[in-house]
Amino acid sequence: MEFENILVETKGRIQYITINRENKLNALNQFTLAELHDAFTRAFKNEAVGGVIITGAGTKAFVAGADITEFQGKDVDGGRRIAYEGQSKVFDAIANGNKPVIAAVNGFALGGGLELAMACHIRVASDNAKMGLPEVTLGLIPGYGGTQRLTQLIGRGKALEMIMTADMLTAAEALQLGLVNHVVFQADLIAKAEEIMDKILSRAPLAIAAAIRAVNDAQTDGVNGFDTEIEEFARCFGTADFKEGVAAFLEKRKPEFKGK
Ligand code: COA
């Protein structure tokens, strides 16, 4: 695919998206965000893709944040546009995607980089990873969902401490707080993400999509997630994969899911 700042590669049913601005520590400029929007929109529509693993080029950074050079000279309306468009086109789009997205956090995940990782469904970090939301050092706060998703993941007190101090966490600290699911040696990072993804991809795809929607509604304002669960549970009964899953169990064989 014809992208400049990201690499998109598919192996089997996994699509790998690599943010590829290594000399800028993979900082997210607007062009890169537009490419990510495009790549994820295509991946979520493409029946051949079961799930996405996203990482950063090189060994030093996942993403060192939004590209700070693009903030200069922006006014209040400009700031609102950056946050609104970023959230709706990239960060929320990933979080609400119909396919699993795993962040392979291979180094610094700061500001928009940590927000990107938090928008993903699962985070695996390498042992050298450092994570933080340093926006207050620039006179800002996180704008790509960080105040909300960090609070959801680690709780209000720890989130406020991280955001207000701008301190970075080590991978081990992030693991302890539940900010990442696993920490492995950097050389094993993609393999660990693949191991998790392969397991998910062996399950019924429509049920995976339903699980994402139901779990996300645990934290959607004005929505009762228990009601979402009833509805999503019910819809699963209308799928061919449900019939196959139950039949396979009763016949003591492996199910063959078709995503239908
Ligand atoms: N936006 C734009 N450029 C960035 C960037 C960002 N968020 N993060 C790093 N870069 C650039 C640097 O300006 C530098 O570019 P240059 O070589 O043209 O000068 C290059 O990436 C390498 O970064 P450098 O700072 O030299 O690496 P380092 O190892 O000394 O420090 C960090 C690494 C991550 C601690 C440091 O780059 C940093 O603090 N980055 C900003 C983090 C941040 O505040 N993110 C939140 C943004 S809202």
Side-chain angles (χ1 to χ4, degrees), residues 3-7 17-37 54-95 103-120 123 125-154 158-174 177 179-180 183 186 189:
F3 292 112
E4 274 179 40
N5 290 350
I6 62 175
L7 303 172
I17 297 180
T18 304
I19 297 157
N20 193 28
R21 296 183 78 209
E22 195 177 342
N23 63 345
K24 296 290 173 192
L25 302 186
N26 304 319
L28 296 174
N29 59 7
Q30 293 301 314
F31 188 78
T32 308
L33 286 167
E35 291 198 326
L36 283 174
H37 168 75
I54 183 164
T55 193
T59 53
K60 191 169 166 186
F62 173 69
V63 167
D67 191 318
I68 298 168
T69 60
E70 292 187 341
F71 286 165
Q72 208 166 28
K74 291 278 187 303
D75 61 7
V76 171
D77 284 339
R80 184 174 295 111
R81 209 171 306 121
I82 287 173
Y84 178 78
E85 294 210 346
Q87 285 193 22
S88 55
K89 291 191 174 158
V90 179
F91 297 77
D92 290 353
I94 292 172
V105 180
N106 56 314
F108 287 113
L110 302 175
L114 181 56
E115 290 172 300
L116 181 62
M118 291 193 294
C120 297
R123 284 152 293 286
S126 57
D127 54 348
N128 67 319
K130 289 258 178 73
M131 282 158 266
L133 293 177
E135 285 84 349
V136 295
T137 65
L138 301 168
L140 293 173
I141 65 166
Y144 289 145
T147 61
Q148 306 304 297
R149 291 201 175 94
L150 187 65
T151 306
Q152 290 162 355
L153 281 164
I154 69 171
K158 287 289 178 190
L160 275 170
E161 183 177 342
M162 264 181 81
I163 293 167
M164 295 195 297
T165 62
D167 280 348
M168 289 186 212
L169 299 181
T170 62
E173 290 166 337
L177 287 172
L179 180 54
V180 299
V183 175
Q186 188 162 54
L189 182 64

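In listed order, ligands and their atoms are each counted from 1.
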Query raised in the report: Out of curiosity, is Leu140 lining ligand 1, as in a heavy atom under 4.0 Å away?
Result: no
Query raised in the report: For the side chain of Thr55 and the backbone of Ala104, is there at least one donor-acceptor N/O pair under 3.5 Å apart?
Result: yes
Query raised in the report: What do the steps show when you test Leu110 against Leu25 for side chain to side chain contact (heavy atoms under 4.5 Å, CB included), and what is the final call?
Result: CA-CA 10 Å; Leu110 302 175; Leu25 302 186; over 6 Å; no
Report task. Return the set of residues passing salt bridge (charged side-chain N to carboxylate O under 4.0 Å, His left out) with Arg81 (not counting sequence neighbours), or none when no residue passes. Result -> none
Report task. Among all protein heavy atoms, pick the one closest to atom 10 (N) of ligand 1 and tell me residue, atom and distance. Result -> Lys24 O, 3.8 Å
Query - Heavy-atom closest pair, residues Arg149 and Ala95 - result: NH2-CB, 3.6 Å
Requested in this report: Answer yes or no for atom 8 (N) of ligand 1: protein heavy atom present at a distance under 4.0 Å?
Outcome: yes
Query - Atoms in ligand 1 with a heavy atom of Asp67 nearer than 4.0 Å - result: 1 (N), 2 (C)
**Report entry** Nearest candidate to atom 33 (C) of ligand 1, where distance is taken over non-hydrogen atoms, out of Asn23, Ile68, Leu25
**Finding:** Leu25
Query - Any Gly112 heavy atom less than 4.0 Å from ligand 1 - result: no
Query raised in the report: Of Thr170, Leu189, Asp127, which is the lone residue that meets side-chain contact (heavy atoms from CB on, under 4.5 Å) with Val183?
Result: Asp127
Report task. Report, in ascending order of atom number, the atoms of ligand 1 lying under 4.0 Å from any heavy atom of Glu135. Result -> 48 (S)
Query raised in the report: Is atom 38 (C) of ligand 1 close to the protein, meaning a heavy atom under 4.0 Å from it?
Result: no
**Report entry** Closest approach of Ala83 to Gly143 (non-hydrogen atoms, all atoms of both residues)
**Finding:** CB-O, 3.4 Å
Query raised in the report: Looking at atom 21 (O) of ligand 1, is any protein heavy atom nearer than 4.0 Å to it?
Result: yes
**Report entry** atom 29 (O) of ligand 1 protein-contacted (non-hydrogen atom, under 4.0 angstrom)
**Finding:** yes
**Report entry** Under-4.0 Å protein heavy-atom contact, atom 2 (C) of ligand 1
**Finding:** yes
Query raised in the report: Heavy-atom distance from atom 26 (O) of ligand 1 to the protein below 4.0 Å?
Result: no
Query raised in the report: For ligand 1, is Lys130 a contact, meaning one of its heavy atoms is under 4.0 Å away?
Result: no
Query raised in the report: Pick one: which of Thr147, Ile141, Leu150 meets side-chain contact (heavy atoms from CB on, under 4.5 Å) with Leu133?
Result: Leu150
Requested in this report: Under 4.0 Å from a heavy atom of Lys60: give me the atoms of ligand 1 that qualify, with their elements.
Outcome: 27 (O), 28 (P), 29 (O)
Query raised in the report: Are the side chain of Glu35 and the backbone N or O of Asn5 linked by a donor-acceptor pair below 3.5 Å?
Result: yes
Query - Protein contact to atom 5 (C) of ligand 1 [nearest heavy atom, distance to 0.1 Å] - result: Ala27 CB, 4.0 Å
Report task. Would you tell me which option among Gly107, Ala64, Ala109 has the nearest heavy-atom contact to atom 42 (C) of ligand 1? Result -> Ala64
Query raised in the report: Would you find a donor on one side and an acceptor on the other, under 3.5 Å apart, between the side chain of Glu115 and the backbone of Pro142?
Result: no
Query raised in the report: Right, does atom 18 (O) of ligand 1 have protein non-hydrogen atoms nearer than 4.0 Å?
Result: yes
Report task. Below 4.0 angstrom from a heavy atom of Pro134, which ligand 1 atoms are there? Numbered from 1 as shown, please. Result -> 43 (C), 44 (O), 45 (N), 46 (C)
Query raised in the report: Less than 3.5 Å between some nitrogen or oxygen of Thr69 and one of ligand 1, yes or no?
Result: no
Requested in this report: Decide yes or no on side chain to side chain contact (heavy atoms under 4.5 Å, CB included) for Met118 and Leu179, but give the supporting numbers first.
Outcome: CA-CA 8 Å; Met118 291 193 294; Leu179 180 54; 3.9 Å; yes
Query raised in the report: Do Thr18 and Asn20 have side-chain atoms, one donor and one acceptor, less than 3.5 Å apart?
Result: no
Report summary line: Within 4.0 Å of some non-hydrogen atom of Leu110, the atoms of ligand 1 are 34 (C), 42 (C)
Report task. Taking Asn26 for its side chain and Phe62 for its backbone only, find out whether a donor-acceptor pair lies under 3.5 Å. Result -> yes
Query raised in the report: Considering all heavy atoms of both residues, which atom of Asn128 and which atom of Gly107 are nearest to each other, and what is their separation?
Result: ND2-CA, 4.0 Å
Query raised in the report: Hey, is atom 12 (C) of ligand 1 touched by any protein heavy atom at less than 4.0 Å?
Result: no
